[in-house]
4 protein chains.
Amino acid sequence: MSNEISHRKRPKGSEEKRSAILDAAVTVFSRKGFANARIEDIARQAGIGKGTVYLYFPDKESLFKSLVASAVEPILEHADRFLSEEDTSPRETMTTVYDMIDTHILQSEKRHIIRLMITEMSYFPDIAAYYHTNIVSRGLDLLRKLLIRADARGELRSQHALKVPQMVFAPVVMSVIWNALFARFESIDTHAAFQFYLDSLFQSADGA
Amino acid sequence: MSNEISHRKRPKGSEEKRSAILDAAVTVFSRKGFANARIEDIARQAGIGKGTVYLYFPDKESLFKSLVASAVEPILEHADRFLSEEDTSPRETMTTVYDMIDTHILQSEKRHIIRLMITEMSYFPDIAAYYHTNIVSRGLDLLRKLLIRADARGELRSQHALKVPQMVFAPVVMSVIWNALFARFESIDTHAAFQFYLDSLFQSADGA
Amino acid sequence: MSNEISHRKRPKGSEEKRSAILDAAVTVFSRKGFANARIEDIARQAGIGKGTVYLYFPDKESLFKSLVASAVEPILEHADRFLSEEDTSPRETMTTVYDMIDTHILQSEKRHIIRLMITEMSYFPDIAAYYHTNIVSRGLDLLRKLLIRADARGELRSQHALKVPQMVFAPVVMSVIWNALFARFESIDTHAAFQFYLDSLFQSADGA
Amino acid sequence: MSNEISHRKRPKGSEEKRSAILDAAVTVFSRKGFANARIEDIARQAGIGKGTVYLYFPDKESLFKSLVASAVEPILEHADRFLSEEDTSPRETMTTVYDMIDTHILQSEKRHIIRLMITEMSYFPDIAAYYHTNIVSRGLDLLRKLLIRADARGELRSQHALKVPQMVFAPVVMSVIWNALFARFESIDTHAAFQFYLDSLFQSADGA
DNA sequence: CATGAATGAGGTTTCATTCAT
DNA sequence: GATGAATGAAACCTCATTCAT
């Protein structure tokens, strides 16, 4: 909706402008990567002047970090709520989580931000630290609990899953990376990946 | 092993020096990423002068591409051979493949190169095209055959796997990325990931 | 004179600055030649920063070409007008042309640019092609007509002149080159050269 | 004979090699200009190693200067002899000189060196000084005497010629420069230029 | 607030020159 | 003597950032 190539008309309100810059940044960072993105391109894409970017973000790195934050924070709230639900079956919970991820990340412009996190975060150790502490490790804790609950109910197919809860994210990561590198040549069936994972993680309580 | 009659005119220590530059390049590219790696740093790391790098590689991009090639090409030969074996059970074959990957990539310095491929390749579309054609799509073909054979033998656990053979690489990709971003904070149990995958893909022929 | 509505978006002092850069470029290119002139020297000479040069000219070569164009284009307009005059005697016309060249080129800073054209143009084949097509061959055509008209009026001294109209430029070229190489040691009497040429080309109609 | 593009077989004798380097230098300097000629190209063209050039010439500049010297010195000897002849008519003498120049310079590879002198000498003030003192001013003296002698015999057409003896070289300079810049597009009739000059300088003693 | 002209640090690449073999 | 691998100074050009308007 807002990531055409055309230069949009000047946004007015201050918060709107901040958000226009972030939108433009996703586009440009996605296309070029952090190092090759020019602030001037982001400004033009946002329909504002180059100097204006610096009224909203102190420097290029902060802009990138804000971008990541703007994408990740809303996700966390949802996740928190759903993963803690204990009155639904683990498979149902996980199905819901995957649906949410599919809808709110993979199908939205946010998938670009997730890709940028994956490809650029190793060069921003402080971002990595921040998100590990605040998001990843908390997410893994919730997942571990979910898997343990599934195991207790006899629904966990492989004990190995308990040792690598990170793999639950594999369909997301693989989908994002595959599309970044090879979408031009060959698509990846993300839904099948989710289904495959649900089948891999869970079985009905009778072991079938 | 790499001491054949050299292709070009460079004398004696030449191939060793080329190697030294590539080794230095892994280190520096890994630490800084392609864009932030300075040729001068690579040269210093290799213990040579800045200009010397250009005697072996025409420019920074070629150096990077050669680096990727040097890591990937040997892998392909092995993979080809093993995946085509038809007289072993699919699970055994896959186990061997995972072992090979673990030994030759994840446990070696090559894991850094694989990470660089994943994180930088989207900015080198021609590398992506080359490796998709020559490696990835061929690998997927072999995997598809393997999975179909497993299915024919009643050993494939989920039909969904057939639609996303890419997911077979998930343990490798996840391991590499996790370690790049979060190894400092929390390890990932790569072996458990492989086991989980084998359990997910295959069941004994009687469905157990 | 150069204060029309400017083509691009550069505001107020912009055309002045472009001019200042071109002026500085004449000085530095003249002193050092194209290859040995450093952009930084030109910038310093113009009283601006190195990067500023690149706001006005995309690269060093373009700067050089613009420099040549800025000197040559105004000349052409004049020349066109005068050489086509058919109601004055050829000798008078040629006298006027030589006067114009003397005033507007040899006595002005433009003589440096003409020298640069002569000394550097062989390394810019596209400049040579452009100026041959647009200036030199057109100038020669006009000169040929002039000489033929003189011949028809019985005023051409030597038929050989018709075969090498290029020699009409000899006083200019010789003067520019002599001064570039030997002005320090010995002057060249440019006016005598022009007079010699007029005497060589033309005689009164009665053959005297 | 010796300016093909192919890499010749190794010359052996020391003087031969010096001369091979000079031959190669003409070719390469002509094609690229002083600044853009690479020592390595000259060496390859001469069929020797890069370092070998430095056994014969201390640096690039010296090589260039030696090149010019090798072309100019032999010319001087001839010129001296002919111009001083007083028992032939000035026009005959000048005709001979022009013939010599045509044969030994314009028709030979030396024309490239003359061009290089013209185009590069302004950036080598010491070369200019040397040749002005030793060649140009001496040549002009001889020419002045010749013209005065012609005048005394009533054979000088225009008194202006006495004031700009430099113009006697105009056909040479114009021919060399024209060919350097525009030979691809349009030729210059050098012989007509010489004839035009002889007609311009001299008349028969009776004024015809 | 907004702008974009101006700046100069920084990185890539070239190539004259050296020197160990 | 001859070589060419190695070097690093030097120059082009880019772009994040500043600041006068």
Side-chain angles (χ1 to χ4, degrees), chain A residues 10-14 17 35-44 46-63, chain B residues 9-14 17 32 35-44 46-63, chain C residues 9-14 17 32 35-44 46-63, chain D residues 10-14 17 35-44 46-63:
Chain A
R10 301 297 176 81
K12 274 301 162 50
S14 167
K17 196 168 296 188
N36 283 95
R38 282 146 68 249
I39 291 285
E40 189 165 5
D41 290 340
I42 293 173
R44 188 166 23 247
I48 60 174
K50 192 180 7 168
T52 308
V53 174
Y54 287 87
L55 297 176
Y56 292 82
F57 303 93
D59 57 26
K60 194 183 178 189
E61 193 168 319
S62 296
L63 171 55
Chain B
K9 55 192 163 191
R10 307 212 176 288
K12 18 179 193 159
S14 168
K17 191 163 296 187
K32 308 271 199 170
N36 282 93
R38 285 150 66 249
I39 290 286
E40 193 164 4
D41 291 339
I42 294 173
R44 195 175 358 259
I48 59 176
K50 192 178 15 161
T52 307
V53 174
Y54 289 89
L55 297 179
Y56 293 83
F57 302 93
D59 56 24
K60 195 184 177 188
E61 193 169 320
S62 295
L63 171 55
Chain C
K9 56 192 164 193
R10 307 212 175 289
K12 18 177 193 160
S14 167
K17 192 162 296 191
K32 308 271 200 170
N36 281 94
R38 282 150 66 250
I39 290 286
E40 192 164 5
D41 290 340
I42 294 174
R44 196 178 354 263
I48 59 175
K50 190 180 17 161
T52 307
V53 175
Y54 289 91
L55 295 179
Y56 292 85
F57 302 94
D59 55 25
K60 195 185 177 187
E61 192 168 322
S62 294
L63 172 55
Chain D
R10 300 298 176 81
K12 274 301 161 55
S14 166
K17 196 168 295 187
N36 282 95
R38 281 148 67 249
I39 291 286
E40 188 165 5
D41 290 340
I42 294 173
R44 187 166 22 247
I48 59 174
K50 192 181 3 169
T52 308
V53 175
Y54 287 87
L55 296 177
Y56 292 84
F57 303 93
D59 56 25
K60 194 185 179 187
E61 193 169 319
S62 296
L63 171 55

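Note that these values count all heavy atoms, side chains included, but never hydrogens, waters or copies made by symmetry. Letters go in sequence order (proteins before strands), and every chain restarts at 1.
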Please tabulate the protein-to-nucleotide N/O contacts below 3.5 Å involving nucleotides 13-15 of chain E, giving atom names and distances.
residue	atom	partner	partner atom	Å
dT13(E)	OP2	Tyr54(B)	OH	2.8
dT13(E)	OP2	Lys60(B)	N	3.1
dT13(E)	O4	Lys50(B)	NZ	3.3
dC15(E)	OP2	Arg38(D)	NE	3.1

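- Counting to the nearest Å, the P atom of dG10(E) and the CD atom of Glu40(B) are 12 Å from each other.
- One finds a side-chain N or O of Thr52(B) lying less than 4.0 angstrom from the OP1 or OP2 phosphate oxygen of dT7(F).
- The CD1 atom of Ile42(B) sits 12 Å away from the P atom of dG11(E) (whole-angstrom rounding).
- Rounded to the nearest 0.5 angstrom, Ile39(B) CD1 and Arg44(B) CZ are separated by 12.5 Å.
- The distance from atom CG of Leu55(B) to atom C1' of dT3(F) is 14 Å, rounded to the nearest whole Å.
- Distance, Arg44(A) CZ to dT3(E) P: 13 Å, rounded to whole Å.
- For Tyr56(C), a side-chain nitrogen or oxygen approaches OP1 or OP2 of dA6(E) to under 4.0 Å.
- Here the CD1 atom belonging to Ile42(B) is positioned 11.0 Å from the NZ atom belonging to Lys32(B), to the nearest 0.5 angstrom.
- Taking atom NZ of Lys32(B) as the reference point, atom C1' of dG10(E) lies 13 Å away to the nearest angstrom.
- If you measure from atom CD1 of Ile48(D) to atom C1' of dG4(F), you get 12 Å, rounded to the nearest angstrom.
- Rounding to the nearest 0.5 Å places CD1 of Ile48(C) at 12.0 Å from NZ of Lys50(C).
- Between the NZ atom in Lys17(A) and the CG atom in Leu55(A) there is a gap of 8.5 Å [rounded to 0.5 Å].
- Ala35(C) and Ala35(D) get closest at one heavy-atom pair: CB-CB, 3.2 Å.
- At whole-Å resolution of the value, CZ in Phe57(C) and P in dT14(F) are 15 Å apart.
- For the strand DNA chain F, secondary-structure stems (runs of at least three Watson-Crick or G-U pairs, all distances below 3.5 Å) span E:2-21 with F:2-21.
- When all heavy atoms of Ala37(A) and Lys60(A) are compared, the pair lying nearest together is O-NZ, 2.9 Å.
- Tyr54(A) and Asp59(A) make their closest contact through CE2-CA, 4.1 Å (heavy atoms, listed as atom of the first residue, atom of the second, distance).
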